[in-house]
Q: 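Got a structure for you, questions after.
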Amino acid sequence: MNTLQANICLIAVTLLWSFEVMIHSVIPEGVNPFATVCVTSLISAMLLGSYFFKRIALVMKKQRGIFLKRIAFLGILSATYNALYLIGLEEFDVSSGAFTVSMTAVILPVLLLVMRRGIEKRTLVSALIVFVGIAVALAPAIHSDDLRGLGVMIAGSLIRAVYIVKLNDYARKHDPITLATGMSTVGAITAFIPWFYTTPTTFFSLPWSAELIAAYFVYGYFIVALTTVLNVYAQRRTSAAHATIIYSLEIVFATIWATVLPVDVLESAPLTPHVIIGCALVLIGNLVVIMRRGALNEKKTEDEVDRVMIQTSHPFALFLERLRSPLARKTLLFLALLVVYLVIALPFKVLSVIPGFTDVRPVNMLIPAYGIFFGIPGCLAFAFGNLIGDIASDSLRISSIAGFVANFLYPYLLYLIWTKIRKEPFHLRTVPMLCGMTASLLAGSLMTTAIITPAVAYFYPDVNIAVFALSVLSNTFLFPFGFAIPFIILIQEELGYEPLGRHKVGKHEAQGHNSPKNPSTSSMLTGQ
């Protein structure tokens, strides 16, 4: 992962964090904040642990003692600042809450100076600009009644600053996957203790509903599991201060959501001149550190973690490789991908945009990976997964036939472009390749919208077609663009997974890139 890719991953992490405020709006008032931290951290730990169990076991066998202490320390810090944020956010609207969360970008450079650690002048300038942006935006919004919430958020930001500094240190010395899984596990345990103390009935006390389950799974999958893994890997390629400045973009994302989303999805916040100026200054502060000379061409450097990294194949991938029948391998791969699709997709079916027709679909982030890394089995798994999801959520309509076709053709289009038509190895290490991927995602999204929308308009004229088309276009472009690109960077550059096709990336085919560590198979299931 080079610096360009690390910046993309950090921006993706920040984008995911910005959805946190939206998810909180779904969680009923009165739910213990420690309950939310515990349940979502537990979901993350189970998700990562179930897939990477063999890798984690091997790492833990080799590295004990100090590693366990560091995991425990990070997990406690993470659970503590998350709980403080949940408590503090209750005092603010969406926009003001995002600005208070981003105070870490100002506190962390000061912390580094107190710790007598070096920090670039460019980063200090950037932090100062971000600080001015936060001050400008918050000054008119903070009243005497908000001081308690502000104090809680400052305490959370201070703890988070310590967490980021130590995470940056430990990410360079330990296996990131095991580190992320361990932090989620410790976070769940740490949050459970005060939750049990205040509410002994714990899980039985929660007002379980389809919406709450969906909110917790969204939080656990994306806000905790995916962001933690992406964050740890990106932290290895940058500094703590640099990463924290990028985190402040959460202000901008959260303000956008509060402005454009309907009030029944998210509580709106006024877009005042102070907020606009504050967001502009945060953007300028980020450009100062992101666009530094040479950052886009910086080579990936090897460190101790790369040299001692344990790479193992997933047991299911080994099982597939032992099968002699190509049809049997493809069938089992299809079934495995279908299960993954359903596990991710079904919890979100309650987040409807147009009930019975379209909903919020983060599962669309799998479209590029399913097409490029798995080919036909992946395309079929995505199409059948969408169909089964419609059946399970009582959304099966005549127009679902068009949905099936479109959800097969979208990943298949990416499969053709990146493994058949293009003759060079697939990677996302340069700006031209990233632009090409963005263009292909836009083309696939437009194609999907053009296939499904006329079918719905013909069979169901009462449906608001403009809203429907916009929903399909947003789901099929924004999730692949915002989530899939960093996800592919992660699995290819750091976990050693390879895309389907004859053209593999060799040791010296890309500047600054180390060859995948497990090139024995084109299946994504083997990069563990």
Q: Does N364 use its side chain to pair, donor to acceptor, with the backbone of N475 at less than 3.5 Å?
A: yes
Q: Between F483 and F222, does the ring centroid distance fall short of 6.0 Å?
A: yes
Q: Is it the case that the ring center of F34 lies less than 6.0 angstrom away from the ring center of F192?
A: no
Q: What pairs with S440 under side chain to side chain contact (heavy atoms under 4.5 Å, CB included), at least two apart in sequence or on another chain?
A: L414, I417, W418, M437
Q: Ignoring hydrogens and angles, tell me if any N or O in the side chain of R422 forms a donor-acceptor pair with the backbone of P425 under 3.5 Å.
A: yes
Q: Mind checking whether W17 and F253 have side chains closer than 4.5 Å, heavy atoms only?
A: no
Q: With rounding to the nearest 0.5 angstrom, report the OH to OG1 distance, Y410 to T449.
A: 9.0 Å
Q: Can I get a per-line list of side-chain donor-acceptor pairs under 3.5 Å for residues 280-288, giving both atom names and the distance, sequence neighbours left out?
A:
residue: N286; atom: OD1; partner: I246; partner atom: N; Å: 3.4
residue: N286; atom: ND2; partner: I245; partner atom: O; Å: 3.3
residue: N286; atom: ND2; partner: S248; partner atom: OG; Å: 3.1
residue: N286; atom: ND2; partner: V282; partner atom: O; Å: 2.9

Q: Please walk me through it: do N231 and Y247 pass side-chain hydrogen bond (donor to acceptor under 3.5 Å, both in side chains)?
A: CA-CA 10 Å; N231 194 26; Y247 296 157; 2.4 Å; yes
Q: With sequence neighbours left out, write down each residue that passes side chain to side chain donor-acceptor pair (under 3.5 Å) with T227, or none if nothing qualifies.
A: none
Q: Under the side-chain hydrogen bond (donor to acceptor under 3.5 Å, both in side chains) criterion, do S239 and N168 qualify, and how do the steps go?
A: CA-CA 7 Å; S239 68; N168 190 266; over 6 Å; no
Q: With a 6.0 Å cut-off (strictly less than), is the heavy-atom count around OH of Y216, excluding the residue itself, greater than 12?
A: yes
Q: Measure the shortest side-chain to side-chain distance between I177 and L495 over non-hydrogen atoms and say whether it is less than 4.5 angstrom.
A: yes
Q: More than 12 foreign heavy atoms under 6.0 Å from CE of M433: is that the case here?
A: yes
Q: Is it the case that the side chain of Q5 and the backbone of A234 share a donor-acceptor pair, with hydrogens and angles ignored and the cut-off at 3.5 Å?
A: no
Q: For T448, what residues pass the side chain to side chain donor-acceptor pair (under 3.5 Å) criterion, not counting sequence neighbours?
A: none
Q: On the 0 to 90° scale, with breaks at 30° and 60°, tag the F382-Y370 ring pair as parallel, tilted or perpendicular.
A: perpendicular
Q: Can E493 and R237 be counted as an ion pair, charged N to O under 4.0 angstrom?
A: no
Q: Using side chain to side chain contact (heavy atoms under 4.5 Å, CB included) as the criterion, list what pairs up with A188, not counting sequence neighbours.
A: S41, L42
Q: Checking S44 side chain against T40 main chain: does a donor-acceptor pair fall under 3.5 Å?
A: no
Q: Not counting sequence neighbours, which residues clear side chain to side chain contact (heavy atoms under 4.5 Å, CB included) with A45? List them please.
A: S184, T185
